[in-house]
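Reading through the structure tokens given below for one structure.
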Amino acid sequence: MNTTSEPTVRRGQGRTVLEGLHLVKEYPVGPRRGLLRRQQGMRAVDDVSVSLVQGRVTALVGQSGSGKSTLGRMLARLVPVTSGSILLDKRDVTARSSIGQRAYVGDVQLTLQDPFASLNPLRRVDYILGRAVRIHQDARGDDAVRDRCRQLLERVGLTPTERYLDRFPHELSGGERQRVSFARALAASPKVLIADEPVSMLDVTIRREMLDLIDDLRRDEDLAVLYITHDLASARQYSNEVLVMHDGRVVESGDSAEVIDDPQHEYTRRLLAAAPDPASRLG
């Protein structure tokens with residue numbers, strides 16, 4: 001176990017797919033003080049390094065405002081990097097000119113906390129999935145695309161598929177919407193899945209089902225997964241490594257069981273103390 005911002009990876013457990021090296025995200029705050037004076041900045045992410053390994057789950061934990069979602073969006077290239085590097089298959093992709101965004105999201109997919117906000121409320125599920133299939137796969141013709149949509153729904157446990165293809169997002173439950181989000185991500189055949197608080201808005205009774213689904217996808221699709229959460233119990237059970245973020249920095253990292261069962265940093269201990277019965281949160 002260590003208490004630095006360097007990534008913790010057990011060797012021989014798969015290849016490193018995505019790396020963030022010494023990432024910094026700084027937002028300007030306050031008034032600009034003249035043309036030649038630099039505007040003050042607030043660092044939401046401050047010198048953080050992380051490695052995502054094929055077939056493994058890295059959990060990023062911390063309280064709201066710790067910078068973990070900003071880091072996830074930086075790795076998805078939705079938020080530009082102030083400094084540091086992002087490497088996909090050892091290739092530096094930090095500059096947008098180095099690889100097109102469409103090509104990048106084909107390999108790195110992000111699912112968000114609120115599936116209702118991330119799905120077009122005016123479109124049915126068949127359109128939502130079909131558009132992703134047409135963009136990222138070589139499917140041709142309506143029948144081929146619809147067949148692939150059925151396969152994706154089956155993969156995430158939404159059967160019979162015809163019951164869901166013609167529904168709008170508002171006609172689905174929260175868990176069903178999140179499954180559609182995962183199906184859309186799989187349409188790209190990604191190498192990396194960044195799951196940002198994927199169960200925090202779901203009923204406690206179905207959280208375990210959703211986490212089991214993520215674990216199945218990780219194993220069967222050989223994905224590298226970044227699981228962003230404030231839930232230490234699920235991080236311990238479903239991840240291989242844990243990175244604990246506080247005020248934009250990683251203050252502790254290591255094997256999930258070791259970090260959570262024997263935390264070395266005071267902030268990690270405070271997180272655990274705030275959840276005296278964390279196992280109950282899994283349902």
Side-chain angles (χ1 to χ4, degrees), residues 1-10 16-25 43-79 81 84 86-88 108-114 185 190-201 207 210-211 214-215 217-218 223-260 263-265 267-272 274-275 278 281:
M1 189 189 319
N2 62 70
T3 56
T4 72
S5 62
E6 296 301 317
T8 299
V9 176
R10 285 180 276 186
T16 299
V17 182
L18 186 67
E19 294 177 273
L21 302 178
H22 304 290
L23 293 176
V24 173
K25 180 57 187 178
R43 287 197 170 188
V45 175
D46 188 3
D47 191 22
V48 172
S49 296
V50 58
S51 293
L52 304 182
V53 178
Q54 184 180 39
R56 294 174 67 81
V57 178
T58 297
L60 187 63
V61 303
Q63 66 186 24
S64 297
S66 61
K68 58 188 188 298
S69 290
T70 299
L71 177 61
R73 284 162 172 74
M74 292 170 70
L75 293 172
R77 288 181 64 186
L78 297 179
V79 171
V81 173
I86 298 174
L87 278 62
L88 177 63
V108 181
Q109 281 284 308
L110 170 69
T111 61
L112 301 174
Q113 177 180 3
D114 183 0
K191 300 173 183 177
V192 178
L193 176 65
I194 301 173
D196 188 0
E197 298 277 11
V199 300
S200 64
M201 297 189 67
R207 287 180 182 175
M210 200 60 55
L211 290 168
I214 295 173
D215 193 51
L217 296 177
R218 183 271 312 166
L223 295 172
V225 177
L226 180 65
Y227 171 43
I228 301 173
T229 184
H230 59 269
D231 186 349
L232 294 170
S234 63
R236 187 190 189 287
Q237 182 169 348
Y238 288 93
S239 69
N240 302 102
E241 292 88 28
V242 165
L243 281 71
V244 181
M245 282 196 74
H246 177 53
D247 287 342
R249 298 184 65 87
V250 171
V251 296
E252 186 165 5
S253 63
D255 177 89
S256 300
E258 292 181 7
V259 169
I260 294 174
Q264 300 300 301
H265 196 276
Y267 176 71
T268 311
R269 291 194 286 267
R270 293 205 307 268
L271 285 179
L272 286 166
R281 301 190 58 182

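Being a predicted model, the structure only gives us computed values, none of them experimental.
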Atom pair [atom1]/[atom2] of [X] and [Y] - distance to nearest 0.5 Å:
X: Leu193; Y: Lys191; atom1: CG; atom2: NZ; answer: 15.0 Å
X: Leu75; Y: Glu19; atom1: CG; atom2: CD; answer: 11.0 Å
X: Leu71; Y: Leu243; atom1: CG; atom2: CG; answer: 8.5 Å
X: Arg56; Y: Thr16; atom1: CZ; atom2: OG1; answer: 10.0 Å
X: Thr268; Y: Met245; atom1: OG1; atom2: CE; answer: 12.5 Å
X: Ser253; Y: Glu258; atom1: OG; atom2: CD; answer: 11.0 Å

So, using salt bridge (charged side-chain N to carboxylate O under 4.0 Å, His left out) as the criterion, who are the partners of Asp114 when residues are at least two apart?
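Result, salt bridge (charged side-chain N to carboxylate O under 4.0 Å, His left out) vs Asp114: none returned.
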
Tell me, please, which residues at least two apart from Arg269 pass salt bridge (charged side-chain N to carboxylate O under 4.0 Å, His left out).
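Listed in chain order: Glu266.
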
Testing the basics here: between [X] and [Y], what is the closest heavy-atom pair and its distance to 0.1 Å?
X: Ala235; Y: Thr229; answer: CB-CG2, 4.3 Å
X: Leu223; Y: Pro190; answer: CD2-O, 3.0 Å
X: Pro198; Y: Ile214; answer: CG-CD1, 3.8 Å
X: Ile194; Y: Gly72; answer: CD1-O, 3.7 Å
X: Val24; Y: Met74; answer: O-CE, 3.6 Å
X: Val108; Y: Ala76; answer: CG1-CA, 4.3 Å

Do [X] and [Y] make a side-chain contact, defined as non-hydrogen atoms from C-beta onward lying under 4.5 Å apart?
X: Leu272; Y: Pro263; result: yes
X: Tyr267; Y: Val244; result: yes
X: Val50; Y: Leu60; result: no
X: Arg270; Y: Gln63; result: no
X: Tyr227; Y: Val57; result: yes

Can a donor-acceptor pair be found, under 3.5 Å and without considering hydrogens, that links the side chain of [X] to the backbone of [Y]?
X: Asp196; Y: Leu112; answer: no
X: Gln113; Y: Ser200; answer: no
X: Arg249; Y: Asp46; answer: yes
X: Ser239; Y: Thr58; answer: no

List the steps and the verdict of side chain to side chain contact (heavy atoms under 4.5 Å, CB included) for His22 and Ser49.
CA-CA 5 Å; His22 304 290; Ser49 296; 3.9 Å; yes

Residue pairs involving residues 59-70 (criterion salt bridge (charged side-chain N to carboxylate O under 4.0 Å, His left out); sequence neighbours excluded)
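Every pair satisfying salt bridge (charged side-chain N to carboxylate O under 4.0 Å, His left out) with a residue in residues 59-70: Lys68-Glu197.
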
